[in-house]
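By convention in this document, chain letters (A, B, ...) are assigned in the order of the sequence lines, proteins followed by strands, and residues within each chain are numbered from 1. On a predicted model such as this, the values are computed, not experimentally measured, just so you know.
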Protein chains: 2
Amino acid sequence: MSADRGFAPDPAAEDAPAMSDRESALAHDDKLELRLWLRLLTCSAMIEREVRTRLRERFDITLPRFDLMAQLDRAPGGLTMGELSSRLMVSNGNVTGLADRLVQEGLVAREPEAADRRTFRVRLTSAGKIAFDAMTPVHEGWIEAMLHGLDPQDMASLLALLGRLKRSLKASSDGRIRNAGKE
Amino acid sequence: MSADRGFAPDPAAEDAPAMSDRESALAHDDKLELRLWLRLLTCSAMIEREVRTRLRERFDITLPRFDLMAQLDRAPGGLTMGELSSRLMVSNGNVTGLADRLVQEGLVAREPEAADRRTFRVRLTSAGKIAFDAMTPVHEGWIEAMLHGLDPQDMASLLALLGRLKRSLKASSDGRIRNAGKE
DNA sequence: GGAAATTGTTTTAATTATAAAATAAAGGCC
DNA sequence: GGCCTTTATTTTATAATTAAAACAATTTCC
């Protein structure tokens, strides 16, 4: 390496104007894994932020509520609280609170499960279905526009690489669980 | 398309055991952009969740506090509240609260800025620096382990593709700002 | 059948997060 | 200098989030 590269240029910037985020202050010799994680987080947060803002402005709904409804929309038979919690990757208590508020608003219904009285089955009400159907094409349009700078081949590669990453993460967390208490 | 593909197999699973997340219920004909966004979010959330849990178990610190300290650690001259807010991509009020608690714990110090009395410069105290130095190599080890299933070439490709995505997101949000109020 | 462990959910307390309004200091413009 | 706008931050109110404890129903094991 040449000695005159002592400062750290933003490696993502080819011609982009300044933007400061978590990556900004990384040293040029930081670990590839760390750079990757921070960039992933930045991308994810950028999309999330944008979607959150637009959902509020356009539909006066919060992202977590939309998210929960999206899961229910794709599950015709409804989902239990636990299924919602694991799909959304949030705590049980969080789902309880979100569902409570959506029930109050009449968008979602909780029905007791005949076979197992511990569980509730949650599903969209017809009002919820109507509301969600109005939002989903607009939401998809936002995502498409945000990803417009990627061509289909970029997207396919990215999807595949993220699939590998997901398996790596799963393997790592499975290993941790398997080893729990063995020290 | 053949008619017998009415159910949706998990496109990320090559041989992975069952895992349900936001992607699980996507129809096989859903937009590539949407699949990509949900997979990105899943990966991001998986890492975040793991790091959050381990930081608490191992160092009894929350992820947002660690995150804030990490930014300060890489900024020898300290950062203003606004810089922290934009780097971490969280609201101003959030940074105020986090900084308040870190100051109480003695990990971080706020100093008034001579040149501009509106701003505060926030930096790690020596106690904060010591605490962070103890955490950072362990934290890096966790990330490395989680990404161990990716070879260096995968990581390089992924970093580059996420760089493109980041530019796409930035372009899209710049466009929206430029068009604000022009309707 | 009954004790013990497991599972599904809610509750509780604290933290984190947002958006919007309020405050306050700087800077620009006559 | 004095007004207006912008910028930096805090405050307020509310929502989301977590971890841990509490609860309740189910399953397992004898």
Task: Proximity to the side chain of A/M81 - top-ranked nucleotide from C/dT10, C/dT18, D/dT10 - done: C/dT10
Open item on the list: Of the listed nucleotides (D/dA16, C/dT16, D/dA24), which one gets closest to any side-chain atom of A/R118?
Closed with: D/dA24
Open item on the list: Would you say the ring centers of B/F66 and B/F132 fall short of 6.0 Å from each other?
Closed with: yes
Open item on the list: Can you tell me which nucleotide in D/dA19, C/dT18, D/dT9 comes closest to the side chain of B/T53?
Closed with: D/dA19
Open item on the list: Could you tell me how far apart B/E50 (CD) and D/dT18 (C1') are, to the nearest whole angstrom?
Closed with: 15 Å
TODO: Could you tell me whether B/R121 contacts a base, only the sugar-phosphate backbone, or nothing, with contacts defined as non-hydrogen atoms closer than 4.0 Å?
DONE: nothing
TODO: Would you classify B/T80 as touching base, sugar-phosphate or nothing, given that sugar-phosphate means primed atoms plus P, OP1 and OP2, and contacts are heavy atoms under 4.0 Å?
DONE: sugar-phosphate
Open item on the list: Expressed as a whole number of angstroms, how long is the span from B/E48:CD to D/dT17:C1'?
Closed with: 11 Å
Task: Out of D/dA16, D/dT9, C/dT10, whichever nucleotide has its closest atom nearest the side chain of A/F120 - done: C/dT10
- [ ] Choose from D/dT9, C/dT16, D/dA15 the nucleotide whose nearest atom is closest to any side-chain atom of A/R65.
- [x] D/dA15
Open item on the list: Over all strands shown, is B/G93 touching base, sugar-phosphate only, or nothing at heavy-atom distances under 4.0 angstrom?
Closed with: base
Task: Between C/dT7 (P) and A/E113 (CD): distance, integer Å - done: 18 Å
Open item on the list: Let's go through B/D60 and B/R56 carefully: what are the C-alpha distance in whole Å and the side-chain angles of both, what is the deciding distance for salt bridge (charged side-chain N to carboxylate O under 4.0 Å, His left out) to 0.1 Å, and is it a yes or a no?
Closed with: CA-CA 4 Å; B/D60 194 31; B/R56 181 180 37 75; over 6 Å; no
TODO: May I ask you to evaluate whether B/N94 reaches the phosphate of C/dT16, defined as a side-chain N or O under 4.0 Å from OP1 or OP2?
DONE: no
TODO: Determine, stepwise, if the pair A/R110 / A/R123 fulfils side chain to side chain contact (heavy atoms under 4.5 Å, CB included).
DONE: CA-CA 7 Å; A/R110 254 187 183 123; A/R123 64 178 79 241; over 6 Å; no
Open item on the list: Check B/R117 with B/E113, please: is the shortest side-chain N to carboxylate O separation under 4.0 Å?
Closed with: no
- [ ] Measure from CG on B/L88 to P on D/dT9 and round the result to the nearest Å.
- [x] 13 Å
Open item on the list: Rounding to an integer number of Å, can you tell me how far B/E57 CD sits from D/dA20 P?
Closed with: 8 Å
Task: From CA spacing to verdict: side chain to side chain contact (heavy atoms under 4.5 Å, CB included), B/W37, A/E48 - done: CA-CA 10 Å; B/W37 157 229; A/E48 195 171 317; 4.2 Å; yes
Open item on the list: Does C/dA24 have its OP1 or OP2 closer than 4.0 Å to a side-chain nitrogen or oxygen of B/R117?
Closed with: no
Task: Atom-to-atom span, CE of B/M69 to P of C/dT16 - whole angstrom - done: 13 Å
TODO: Figure out the CG/P separation between B/D100 and C/dT15, and round it to whole Å.
DONE: 12 Å
Open item on the list: Quick check on DNA chain C: between A/R49 and A/V95, whose nearest nucleotide comes earlier from the 5' end?
Closed with: A/V95
- [ ] Taking only the side-chain nitrogens and oxygens of A/R56, find out if one of them lies under 4.0 Å from OP1 or OP2 of C/dA20.
- [x] yes
Task: Value in whole Å for how far the P atom of D/dT17 lies from CG of A/L84 - done: 13 Å
Task: Short N-O contact, B/R121 and B/E111, less than 4.0 angstrom - done: no
Task: Closest nucleotide among D/dT17, C/dA17, C/dG8 to the A/T119 side chain - done: C/dG8
Open item on the list: So if I take every side-chain heavy atom of A/D116 and compare against D/dA25, C/dA25, C/dT18, which nucleotide ends up nearest?
Closed with: D/dA25
Open item on the list: With a cut-off of less than 4.0 Å, is there a side-chain N or O of A/T62 near OP1 or OP2 of D/dA16?
Closed with: yes
TODO: Please state whether the phosphate of D/dT18, meaning OP1 or OP2, lies under 4.0 angstrom from any side-chain nitrogen or oxygen of B/R52.
DONE: no
Open item on the list: Can you see if the side chain of B/N92 gets near the phosphate of D/dT9 - specifically, an N or O under 4.0 Å from OP1 or OP2?
Closed with: no
- [ ] Pick base, sugar-phosphate or nothing for B/L98, based on heavy-atom distances below 4.0 Å to the nucleic acid.
- [x] sugar-phosphate
